[in-house]
Engineer: 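I have a structure here, written as structure tokens, and I will follow up with some questions on it.
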Amino acid sequence: MLTVDGLSVRYGRSVRALEEVNLEVAADGVLAVLGGNGAGKSTLLRAVSGTLALHRGTITAGEISFDGERIDKLDPALVVRRGVVGVPEGRQVFARMSVEENLRAGGLGAKTSGERTAARVRVRELFPVLAERADQRAGLLSGGEQQMLAIGRALMSGPRLLLLDEPSLGLAPQLVGRIASVIREIHAQGTAVVLVEQNATMALQVADYAVALEVGRVALSGPAPELAASDEVQHLYLGGHAESDEQAARDRQEAERHRSGRRLARWTA
Ligand SMILES: Nc1ncnc2c1ncn2[C@@H]1O[C@H](COP(=O)(O)OP(=O)(O)OP(=O)(O)O)[C@@H](O)[C@H]1O
Ligand SMILES: [Mg+2]
């Protein structure tokens, strides 16, 4: 459904943010994009959503196609019309507008009023809390609620492909789980998803395929369960921050047992 072919992106003259990136997203797929700070994850989403120019970025090589048609030269609004909608990093909501007004603004991208109504119902079911807070100013919502509003607003235009930039960033573990199940549900309802995450544990649980970016290049790619099990991903992306404290403590104990076992083996040898 989405094809990124040989994509290279620069900011200004010198910053090379992406280098010959290739990837695909199936119509019924969830693609996780992993990678550390500055790897180029947000740049990738900006390129797909047509918003690079707003950040003074330009595509220097490659193509992006959606449903077989080039979208890399389209204005952001036209990309949304095609059904590709992004939720940028940082839970961006219109803080002074009510929850309801935020959602209505998202619905402006819908093609027909029937679509708008269907999207409305979908958002209400996915995020009951937003219906409860309809008249509240978005700026007064909690971080988790703002993230849900940002996702809800994107869903209002009935996307076929949703681009999420670090939706779990800064949220408590319980809320990260809630976001994960929302993404699963959105996918089950027929919307493909590109999920950018530093939280590799969460992303690999939700996605069916994953790529890892390192300084602008695809360093690893494969089916999510395979990557989750690979030593390289364990070491680079699942070591430490992604696991729970409890798990980390168990890992340390295990490593300690290993080390003393080795010492013992040496003594007895
Ligand atoms: N507007 C910009 N102008 C110049 N350089 C930029 C701009 N935005 C990003 N960059 C640079 O491009 C590279 C990729 O940045 P990008 O924001 O895509 O990374 P990221 O993987 O999303 O990182 P993070 O996890 O911190 O959000 C980095 O070297 C970054 O400093
Ligand atoms: Mg980013």
Side-chain angles (χ1 to χ4, degrees), residues 2 4-23 25 30-64 71-72 75-76 79 84-93 143-144 146-147 150-151 153-154 161-173 175-176 179-180 183 193-207 209-222 224 227 232-233 235-243:
L2 179 78
V4 173
D5 186 13
L7 183 70
S8 299
V9 171
R10 282 191 197 189
Y11 292 104
R13 291 207 163 179
S14 53
V15 181
R16 294 170 167 219
L18 291 178
E19 288 282 348
E20 292 174 31
V21 167
N22 298 307
L23 55 85
V25 184
V30 177
L31 174 75
V33 180
L34 312 177
N37 290 118
K41 306 181 298 298
S42 298
T43 301
L44 174 67
L45 294 195
R46 286 171 191 158
V48 174
S49 60
T51 55
L52 265 181
L54 304 175
H55 302 266
R56 298 175 195 279
T58 44
I59 294 177
T60 55
E63 294 182 1
I64 304 171
I71 56 167
D72 49 85
D75 281 343
V79 176
V84 180
V85 180
V87 180
E89 54 192 335
R91 300 174 206 142
Q92 294 176 26
V93 295
Q146 285 182 359
Q147 185 59 264
I151 297 174
R153 194 177 57 194
L161 174 64
L162 186 66
L163 313 169
L164 299 174
D165 198 346
E166 303 210 43
S168 83
L169 189 71
L171 299 184
L175 279 173
V176 174
I179 296 283
I183 298 169
V193 179
V194 177
L195 172 60
V196 160
E197 268 295 338
Q198 289 205 34
N199 185 336
T201 307
M202 183 271 238
L204 291 173
Q205 279 166 4
V206 174
Y209 205 86
V211 301
L213 291 178
E214 264 174 47
V215 273
R217 288 180 184 273
V218 175
L220 292 166
S221 63
L227 283 198
E232 218 168 343
V233 169
H235 174 67
L236 287 172
Y237 305 106
L238 299 175
H241 84 107
E243 61 191 356

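For ligands, and for the atoms within them, numbers begin at 1 and follow the listed sequence. Since this is a predicted model, take the numbers as computed values, not measurements. When reading the values below, keep in mind they use all heavy atoms of this one structure, side chains included, and skip hydrogens, waters and symmetry mates.
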Engineer: Taking only heavy atoms of Thr43, which atoms of ligand 1 are found under 4.0 Å from at least one of them?
Structural biologist: 14 (C), 15 (O), 16 (P), 18 (O)

Engineer: Using side-chain heavy atoms (C-beta onward) and a distance below 4.5 Å, is Leu171 in contact with Arg91?
Structural biologist: yes

Engineer: Taking Ala212's backbone N and O only, do any of them form a donor-acceptor pair with Lys41's side chain (distance below 3.5 Å, no angle check)?
Structural biologist: no

Engineer: Under 3.5 Å, is there a donor-acceptor pair between the side chain of Arg46 and the main chain of Leu54?
Structural biologist: no

Engineer: In terms of atom number and element, which parts of ligand 1 are under 4.0 angstrom from non-hydrogen atoms of Glu166?
Structural biologist: 24 (P), 25 (O), 27 (O)

Engineer: Is any N, O or S atom of Ser42 under 2.8 Å away from the Mg ion (ligand 2)?
Structural biologist: yes

Engineer: So do Val87 and Gln147 actually touch side chain to side chain, heavy atoms under 4.5 Å?
Structural biologist: yes

Engineer: Using a 4.0 Å cutoff against the non-hydrogen atoms of Glu89, which atoms of ligand 1 qualify?
Structural biologist: 27 (O)

Engineer: Among the N, O or S atoms that Glu89 has, which is closest to the Mg ion (ligand 2)?
Structural biologist: OE1

Engineer: If you count the atoms of ligand 1 from 1 in the order shown, which ones are under 4.0 Å from a heavy atom of Ser42?
Structural biologist: 17 (O), 18 (O), 20 (P), 22 (O), 27 (O)

Engineer: What are the atoms of ligand 1, with element, lying closer than 4.0 Å to any heavy atom of Asn37?
Structural biologist: 23 (O), 24 (P), 25 (O), 26 (O)

Engineer: At less than 4.0 angstrom from any non-hydrogen atom of Ala39, what atoms of ligand 1 do you find?
Structural biologist: 19 (O), 20 (P), 21 (O)

Engineer: Considering only heavy atoms, which of Gly12, Ala47, Gly38 lies nearest to atom 14 (C) of ligand 1?
Structural biologist: Gly38

Engineer: Please report whether atom 30 (C) of ligand 1 has a protein non-hydrogen atom at a separation of less than 4.0 Å.
Structural biologist: no

Engineer: So do the side chains of Pro88 and Asp165 get within less than 4.5 Å of each other, counting heavy atoms only?
Structural biologist: no

Engineer: Below 4.0 Å from any atom of ligand 1, is there a heavy atom belonging to Gly36?
Structural biologist: yes

Engineer: Would you mind listing which atoms of ligand 1 come within a distance below 4.0 Å of any non-hydrogen atom of His55?
Structural biologist: 1 (N), 2 (C)

Engineer: What protein heavy atom sits nearest atom 2 (C) of ligand 1, and how far off is it?
Structural biologist: Tyr11 CD2, 3.5 Å

Engineer: Short list, please: which atoms of ligand 1 are under 4.0 Å from a heavy atom of Ala17?
Structural biologist: 12 (O), 13 (C)

Engineer: Quick check against the 3.5 Å criterion: does Glu197 have a side-chain atom that pairs as donor or acceptor with the backbone of Ser168?
Structural biologist: yes

Engineer: Got the closest protein heavy atom to atom 25 (O) of ligand 1, with its distance?
Structural biologist: Lys41 NZ, 2.7 Å

Engineer: Is the backbone of Glu63 close enough, under 3.5 Å, to the side chain of Asp72 for a donor and an acceptor to pair up by distance?
Structural biologist: no

Engineer: Examine the proximity of ligand 1 to Arg56 and report which part, side chain or backbone, both or neither, has a heavy atom under 4.0 Å away.
Structural biologist: neither

Engineer: When you measure from the heavy atoms of Gly40 to every atom of ligand 1, does any distance fall below 4.0 Å?
Structural biologist: yes

Engineer: Hey, does Ile183 have a side-chain heavy atom less than 4.5 Å from the side chain of Ile151?
Structural biologist: no

Engineer: Any protein heavy atom at under 4.0 Å, with atom 18 (O) of ligand 1 as the reference point?
Structural biologist: yes

Engineer: Closest heavy-atom contact between Val193 and Val25?
Structural biologist: O-CG1, 4.3 Å

Engineer: Between Leu204 and Ala210, what is the shortest heavy-atom contact and its length?
Structural biologist: CD2-CB, 3.6 Å

Engineer: Would you say the side chain of Leu52 lies within less than 4.5 Å of the side chain of Ile59, judging by non-hydrogen atoms?
Structural biologist: yes

